[in-house]
Every structure is written in C-alpha cells, then in structure tokens.
There are 2 protein chains.
Amino acid sequence: MFQILVVEDDKNTRRLMEAVLLSGGYQPILAEDGVRALKLLEQNKVDLIIVDIMLPKLDGYELTRTLRNCGDTTPILMVTAKETQADKREGFLAGTDDYMVKPVDEEEMLWRIAALLRRSKIANEHRITIGKTLLDYDCLTVTQEGRQEELPKKEFLLLFHLLSNPNRIFTRRQLMDEIWDMGSETDERTVDVHINRLRDRFRDNGDFEIITVRGLGYKAVRCSP
Amino acid sequence: MFQILVVEDDKNTRRLMEAVLLSGGYQPILAEDGVRALKLLEQNKVDLIIVDIMLPKLDGYELTRTLRNCGDTTPILMVTAKETQADKREGFLAGTDDYMVKPVDEEEMLWRIAALLRRSKIANEHRITIGKTLLDYDCLTVTQEGRQEELPKKEFLLLFHLLSNPNRIFTRRQLMDEIWDMGSETDERTVDVHINRLRDRFRDNGDFEIITVRGLGYKAVRCSP
DNA sequence: TTTCCTTGTTCATATTCAGTTTAAAAACAG
DNA sequence: CTGTTTTTAAACTGAATATGAACAAGGAAA
C-alpha cells in the first residue's frame, strides 16, 4: 500500500529491511545502488526512501542532494554504519529527514517511518475509524455498529482514499491516478458514478458524508454529531 | 524568524537550550511545565516544540497527545533522559516527530530541528495564516476560530491571491489573468462582484480587509489589532 | 457449457448552482 | 453639481454534476 524504496548495497541487509517493512505493512522496493534507485523512482510512486550512505556509483549523500535539487521532497531516512557527527552533519545538510545508526532497532525504524509518513501528510493506516464506522483496508470491509459489509474493490478504495484525508479535495484526475491506473484513459464521469453508489450505500450513515466541490472534485467530511 | 517552544522543568537545561537555540538563530520561548506550555502555545505563533517527558502537571506524552488530538500539527521533538525502547515507543505513538536521548549533541539537535522545520514548511506552503484566520489551499476552506467554511472556487482563489501579497494593489486585469484565464474576455465588473461577496462573508472578521483603490483595483490589508 | 450474478463503465437525461451579467443605487473626485 | 467609478441586489445561464438505466466483462454456480 505504501511503497518504500530501500537503497542498500549489502544483500543481507536488504533482505532484512524487506522483511521488516513487510511486517510493518509496507511495500518495499529494493535498489542496490544510487543510479538504480533513481530509475526506480521514475517508474514507481514512492512514499518514502531509506538510504544507506556507502553505495556503489552514487552514494547516499549524492542521491539525496540530487533529489532535493530536483525539487523532490519525498521523505528520506538515512540508515548507515557511519556514526560520526561529521557524517550526520553531511546527511542532514544534503537534505535527509532522519538519520539512524546501524545496527538499528527494527521497531524504532518502523516508528520513525510512521512519523515521517504522518508528517508528509501521507496517511498510513490500514484501518480508519470514523465515529461508529470502521474501514478495513486488508478485508475491503466496512463495519457499522457490528454490521460488516464487503464493498466492491473500486468503491472501497475510493472511499478509503477520501476518508484517509478528510476535508481535503481530490480532483477526479487525482482519484483516477490513485485508484485506477496512472494515466488511465477511462472517462472521468466514472468517478461520479462510483461516488453516487457510495452515497447510496451510506446515505444514513451519520458519520461522514461525501461532498461535491463544483469545478474541482470531491471530499469526505466528518458529520457533526 | 522561527519561534521554538522549549518545555523543560530543569532550569539549567532550559538555560542551555535557550543558548543553543539562540546560537542557531531561533527565538526560544521557555515553559517549565505542560500546562504553562499550552498557555504559551495559545499566545504565540510557535513553529516547533521541544519537549521533555518528565514534567510537572502534564507530562511530555500527555502534552503531545493533547495537541495531536486537537488537530495541532506543530512539529515536536522529544529530548529526554528516558532511553528505553518502551519510552521511545510511547513517544512516537503519542505523535512526536523525533526523539533524542539526553545528553544530546547540541549540533545534531540543531540539524534535526532544521530538518523538521524544512519538512513542515513544505507541508504548509499551501496555507496562509492571518491572525486567527487560516486559508487552506488544498481544501478551499477558511477557518476562523475553529469555524471552518468552504468558499466557492473563484472566491477562494481571489482571496488567496490577495492575501498572499498583502498591501499590494492588483488591478482587475491582473486578477482576471491570474484567477480567470489569461486574456479572459469576461467583464471586469465580475471581479467587483466577487470582491463584494468576499466582503459580505468576512465583514466582521477583524484580521484583514479588502480595500478599494479607486481607479486602480483592490488590495488586502491586515487589520491593526 | 450455459446461466446468472457481481462489478465496472458508458451513455442519456434531469437538475443545480457558481459564475456572470445587468441595472439601479451609492460613493467619490474634480 | 456633474460625470465617473464602485457597490449592491437580483435575475440569468450554461457548464458541471446527479441519476437511472443499459451494457460489457468477468467469475461462480449449475
């Protein structure tokens, strides 16, 4: 669901990272050097980058600087054996958001990842609770007062996406890019139809409402009790 | 200049923090307990909070949780002697952004502060605060003293544009080119009507006012308190 | 296989409301 | 006082959206 790029040359560490991220509910993407990382960044929607410093071809500092110079603001977490203050200094100056010294506590790494994602406004929950309504991403289900109901995939994803950033307005284009495929050719009216079905389904829900923002798109808002 | 609130009960540490922050070019505000911190937060525009955990009255965890539950997203850095993983865990769960164990390296603290401020600036570049009024570009909403209101697109854009350059005079032509399409053929009187609606809406706002500059156009000015 | 049902998409029509226009009243400058 | 600019209220209009229904593509069951 949230894609995290790991840039790390040591194969064992890479494997370990992969396992930790999976256990935290993230989707890892692996790169063995900085150049490969840049290529993968172009091809994927990456929500966070974990980068080692000592890397072949393009080291962690340079990779970070390159990205920041291009205006890329993806959160970066440096995880490295280089532990001197001079190393940290160079890391932060390059533009990293956080810096952990190996060997890292795996749990702490997950907390820090969660904090970074939260801050960069990317929600990272598998479940959303709004009043008496509970959305479960893993089951595609909505539970209201004990009643559990499974929604069609697109409908669920649409609702989940809207509710994970309440009040924020999403254009039809943005929603299509997120829920359908990037650059999907399908008619934007399709979004309307799905929204309409969601409204039907949750007409007297009482916890949230999907609001039309004319000329822009849709947003979900919590209902005042 | 960035204002940083330091919540710390030990007087010597507080003094030290103050000196370090000043040397880093920040404006420190000092609080000796959590309750005092909440009061100071109301009275000041605070860009970042450094919080100790063991505090009289309201501890660091509770302070953090309180703020986050109110929707406050000010970056928080916990600086504390509590070094177990369980402590860190509780800190991150409460909603802190970073966690440093005392005794901290002063330079590293400044780098981490800079990283947090950099990120929160990225997140907030779509917002304008004028007194108690907050404009959110992503939501097209204006919040005044807790009351959130959604504006029609053109109205919002017009207000946002005026307020992002306070005191600057914009001709109707300029505004049309920015908010309507470049070289739009629509009547310039349309701007007047929208301005008028904005004035209606924010008649007794107290934070800003839209002023007519006869023969030229309009400008937004902050009200003197 | 065929049938039936669920899901996703498209289309046609009805409806709505943001944005525009209009026009009269008010404010202003000379 | 006079001509010009701005304010204000109200009516209008069309593009944007809602909605119902039909269609297509797959999967499950018979």
Side-chain angles (χ1 to χ4, degrees), chain A residues 137 139-142 148-162 169-205 208-221, chain B residues 137 139-142 149-162 169-205 209-221:
Chain A
Y137 189 89
C139 310
L140 298 194
T141 54
V142 180
Q148 192 176 60
E149 185 182 13
E150 186 177 333
L151 302 205
K153 196 164 132 205
K154 289 263 154 67
E155 255 175 83
F156 180 88
L157 291 177
L158 183 55
L159 182 61
F160 193 87
H161 197 70
L162 288 169
I169 299 166
F170 294 94
T171 65
R172 284 164 232 273
R173 184 76 262 139
Q174 287 176 315
L175 293 169
M176 298 234 54
D177 286 350
E178 280 292 336
I179 291 146
W180 282 257
D181 302 320
M182 261 297 269
S184 162
E185 295 293 320
T186 49
D187 196 311
E188 292 194 356
R189 297 279 125 244
T190 300
V191 178
D192 300 26
V193 175
H194 282 90
I195 291 281
N196 195 40
R197 289 187 182 154
L198 282 172
R199 293 213 255 232
D200 262 357
R201 216 186 272 279
F202 298 101
R203 184 125 295 162
D204 358 88
N205 166 277
F208 64 88
E209 205 179 342
I210 300 176
I211 304 287
T212 307
V213 184
R214 189 166 256 254
L216 277 173
Y218 297 97
K219 68 174 177 180
V221 300
Chain B
Y137 192 90
C139 303
L140 296 201
T141 53
V142 180
E149 185 181 14
E150 183 180 328
L151 305 204
K153 196 165 97 179
K154 289 263 155 67
E155 252 174 88
F156 181 89
L157 292 177
L158 182 55
L159 182 61
F160 194 87
H161 196 69
L162 289 169
I169 299 167
F170 293 95
T171 65
R172 292 174 174 74
R173 185 75 260 143
Q174 287 176 316
L175 293 168
M176 299 236 47
D177 286 349
E178 279 293 337
I179 291 144
W180 282 257
D181 302 321
M182 258 300 269
S184 162
E185 296 293 320
T186 50
D187 196 316
E188 293 194 356
R189 294 283 121 240
T190 301
V191 178
D192 300 25
V193 175
H194 281 91
I195 291 282
N196 191 40
R197 289 189 181 151
L198 283 172
R199 293 212 257 234
D200 262 358
R201 219 185 270 278
F202 298 102
R203 185 124 295 161
D204 355 273
N205 166 278
E209 206 180 341
I210 300 177
I211 303 288
T212 307
V213 184
R214 187 166 250 258
L216 276 175
Y218 297 98
K219 65 175 177 181
V221 300

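None of the values given here were measured: they were computed from a predicted structure. Throughout, a chain's letter reflects where its sequence line sits, starting with A, and its residues are numbered from 1.
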Determine the interplanar angle of the B:Tyr137 and B:Phe156 rings, folded into 0 to 90°, and report it as parallel if under 30°, tilted if 30 to 60°, perpendicular if over 60°. perpendicular
Would you indicate what B:Phe156 reaches in the nucleic acid, counting non-hydrogen atoms under 4.0 angstrom: base, sugar-phosphate, or nothing? nothing
In whole angstroms, how far is the P atom of C:dA18 from the CH2 atom of B:Trp180? 15 Å
Taking D:dT6, C:dG8, C:dG19 as options, the one with an atom nearest any side-chain atom of B:Arg172 is D:dT6
Name of the residue among B:Leu175, B:Ile179, B:Ile169 meeting side-chain contact (heavy atoms from CB on, under 4.5 Å) with B:Leu162: B:Leu175
Around atom CD of A:Glu185, are there more than 12 heavy atoms from other residues, nucleotides or ligands closer than 6.0 Å? no
Between the side-chain atoms of B:Arg214 and the base atoms of D:dT5, is any donor-acceptor pair under 3.5 Å? yes
Any residue of residues 194-202 of chain B with a heavy atom less than 4.0 Å from an atom of DNA chain C: B:His194, B:Arg197
Figure out the CG/C1' separation between B:Leu216 and D:dT4, and round it to whole Å. 15 Å
Heavy-atom side-chain proximity of B:Tyr218 to B:Thr212 below 4.5 angstrom: yes
When all nucleic acid strands are considered with a 4.0 Å heavy-atom cut-off, which category describes B:Asp192: base, sugar-phosphate, or nothing? base
Examine C:dT21: is either OP1 or OP2 under 4.0 Å from a nitrogen or oxygen in the side chain of B:Thr186? Give yes or no. no
So B:Thr190, base contact, sugar-phosphate only, or nothing? Heavy-atom distance under 4.0 Å. base
Would you call the rings of B:Trp180 and B:His194 parallel, tilted or perpendicular if under 30° counts as parallel and over 60° as perpendicular? perpendicular
When you match A:Val193 and B:Val213 each to their closest nucleotide on DNA chain D, which lands nearer the 5' end? B:Val213
Without decimals, in angstroms, what is the distance between A:Met176 CE and C:dT10 C1'? 12 Å
Could you tell me how far apart A:Leu159 (CG) and C:dG8 (P) are, to the nearest whole angstrom? 13 Å
Separation of C:dG19 P from B:Glu155 CD (nearest whole Å): 7 Å
Take atom CG of B:Asp181 as the centre, draw a 6.0 Å sphere, and report whether it contains more than 12 heavy atoms from other residues, nucleotides or ligands. no
Considering just the side-chain nitrogens and oxygens of B:Tyr218, establish if one lies under 4.0 Å of OP1 or OP2 belonging to D:dT7. yes
